[in-house]
Amino acid sequence: MTQISWVRDELLLACALVMENGWRELRQNDLRVLELSDLLRSLPLHGDAAVDQRFRSPNSVSRKTTDIATAHPGHVGPTTKGGRPTREIVSDFLAHPSEMLAAARALRDGIASGELHRIPVQPDEIDEDGGQGAREGRLLLRWALHRERNRGLRSRKIRQVQRLNLPIRCEVCTFDFGLTYGPLGADYIEVHHVTPLHTTDPRETRLEELALLCANCHRMCHRNYEGQSWRTPDAVREEMHSAASHAASRVS
Ligand SMILES: [Zn+2]
Ligand SMILES: [Zn+2]
């Protein structure tokens with residue numbers, strides 16, 4: 001079998017387990033390892049790799065927990081070769097423990113309920129470099145993007161804004177599709193969750209959690225940049241303002 005590299009989602013689940021185990025490795029006959037092996041073998045990420053019994057076997061999962069445990073900066077003794085993604089997930093867990101544990105929980109939950117298996121691959125879950133930059137992994141990003149494409153949710157949000165007599169336009173740059181494209185663009189807008197899926201209940205969305213964005217600003221909210229592929233409209237607006245002031249200072 002050719003080795004299939006561990007992706008972010010898998011490392012997220014394994015690292016949560018190691019962290020909950022006090023940053024110690026887990027043996028291959030440990031029930032939690034057996035359970036994680038089953039879970040990893042069911043993830044809709046590597047095609048039919050699970051046909052091979054050795055794929056993410058309890059033994060390979062146990063070895064990965066050793067890689068993770070020895071990548072912890074507090075570890076003394078010999079380290080194993082976990083590679084850069086393993087070191088990165090450990091430092092993300094150390095820097096953002098509650099966010100990362102919540103993401104692991106949401107991922108487990110989405111897999112266990114079968115929900116994540118029903119969501120088709122989203123065209124923008126892989127960025128233009130082909131990378132999978134989402135801190136929370138690719139499947140949670142897939143879920144989030146899918147949720148934002150829910151047409152019922154979008155029209156409820158648009159109706160709410162219309163009832164308040166507010167224009168249907170981008171909350172970041174004020175772009176108005178109807179003004180620019182006429183009837184073709186009337187009422188066109190995209191919706192974006194102002195809180196990432198893994199910190200909220202993926203099955204419940206309050207309209208207040210949705211922002212209306214033009215296609216450009218929405219893309220910038222999800223572009224993989226500096227280890228993140230999710231940001232708030234406020235964060236994108238700030239980037240815009242600082243870019244504009246840089247441009248202005250170059251001109252003057
Ligand atoms: Zn915009
Ligand atoms: Zn979005």
Side-chain angles (χ1 to χ4, degrees), residues 8-9 12 96 99 102-103 106-107 110 115-116 118-162 164 166-182 184-248:
R8 184 77 183 179
D9 307 69
L12 179 75
H96 316 274
E99 185 192 336
L107 182 55
E115 229 149 328
L116 270 168
R118 288 193 286 273
I119 301 173
V121 174
Q122 301 295 300
D124 38 358
E125 69 182 44
I126 298 178
D127 64 22
E128 66 269 35
D129 305 322
Q132 299 168 14
R135 177 185 288 164
E136 73 278 15
R138 182 169 156 190
L139 292 176
L140 287 178
L141 178 62
R142 177 182 298 177
W143 198 351
L145 294 170
H146 175 74
R147 189 172 68 150
E148 290 183 340
R149 289 199 174 90
N150 181 311
R151 287 172 66 182
L153 200 62
R154 185 175 150 270
S155 23
R156 275 197 291 137
K157 177 66 186 180
I158 289 177
R159 277 202 302 277
Q160 183 201 44
V161 174
Q162 284 167 334
L164 296 168
L166 295 169
I168 302 301
R169 66 179 191 194
C170 179
E171 290 178 25
V172 172
C173 72
T174 73
F175 186 85
D176 183 320
F177 284 88
L179 283 182
T180 304
Y181 298 106
L184 170 65
D187 292 343
Y188 181 81
I189 202 78
E190 300 188 0
V191 296
H192 176 65
H193 279 81
V194 296
T195 42
L197 177 135
H198 56 282
T199 62
T200 52
D201 185 339
R203 289 167 201 86
E204 249 180 68
T205 302
R206 291 182 303 125
L207 294 182
E208 292 66 36
E209 289 167 7
L210 297 176
L212 298 182
L213 296 181
C214 75
N216 281 349
C217 293
H218 195 196
R219 200 71 179 183
M220 292 302 108
C221 280
H222 289 289
R223 189 165 193 220
N224 177 24
Y225 173 67
E226 291 186 336
Q228 300 248 47
S229 61
W230 179 89
R231 47 191 69 79
T232 61
D234 285 346
V236 172
R237 197 180 301 110
E238 244 169 66
E239 296 285 345
M240 261 180 103
H241 287 163
S242 78
S245 60
H246 277 298

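Atoms within a ligand are numbered from 1 in the order they appear, just like the ligands themselves.
- Here H192 contributes ND1 and H222 contributes NE2, and at the Zn ion (ligand 2) these two atoms make an angle of 100°, given to 10°.
- The cationic group of R219 does not satisfy the cation-pi geometry with Y225, failing either the under 6.0 Å distance to the six-membered ring centre or the 45° limit from the ring axis.
- Rounded to the nearest 0.5 Å, atoms CZ (R138) and CZ (R8) are 14.5 Å apart.
- Separation of atoms CD1 (I189) and CG (L210) is listed at 12.5 Å; rounding is to 0.5 Å.
- Closest to the Zn ion (ligand 2) among the N, O or S atoms of H218 is NE2.
- For N216, the CG atom counts as loosely surrounded, since its 6.0 Å shell holds 12 or fewer non-hydrogen atoms of other residues, nucleotides or ligands.
- Residue contact annotation: C170 places an N/O/S atom under 2.8 Å from the Zn ion (ligand 1).
- When distances from the Zn ion (ligand 2) to the N, O or S atoms of E148 are compared, OE1 comes out shortest.
- Centred on the Zn ion (ligand 1), the SG atom of C214 and the SG atom of C173 lie at an angle of 110°, reported to 10°.
- The local environment of CD in E238 is sparse, with at most 12 non-hydrogen atoms from other residues, nucleotides or ligands closer than 6.0 Å.
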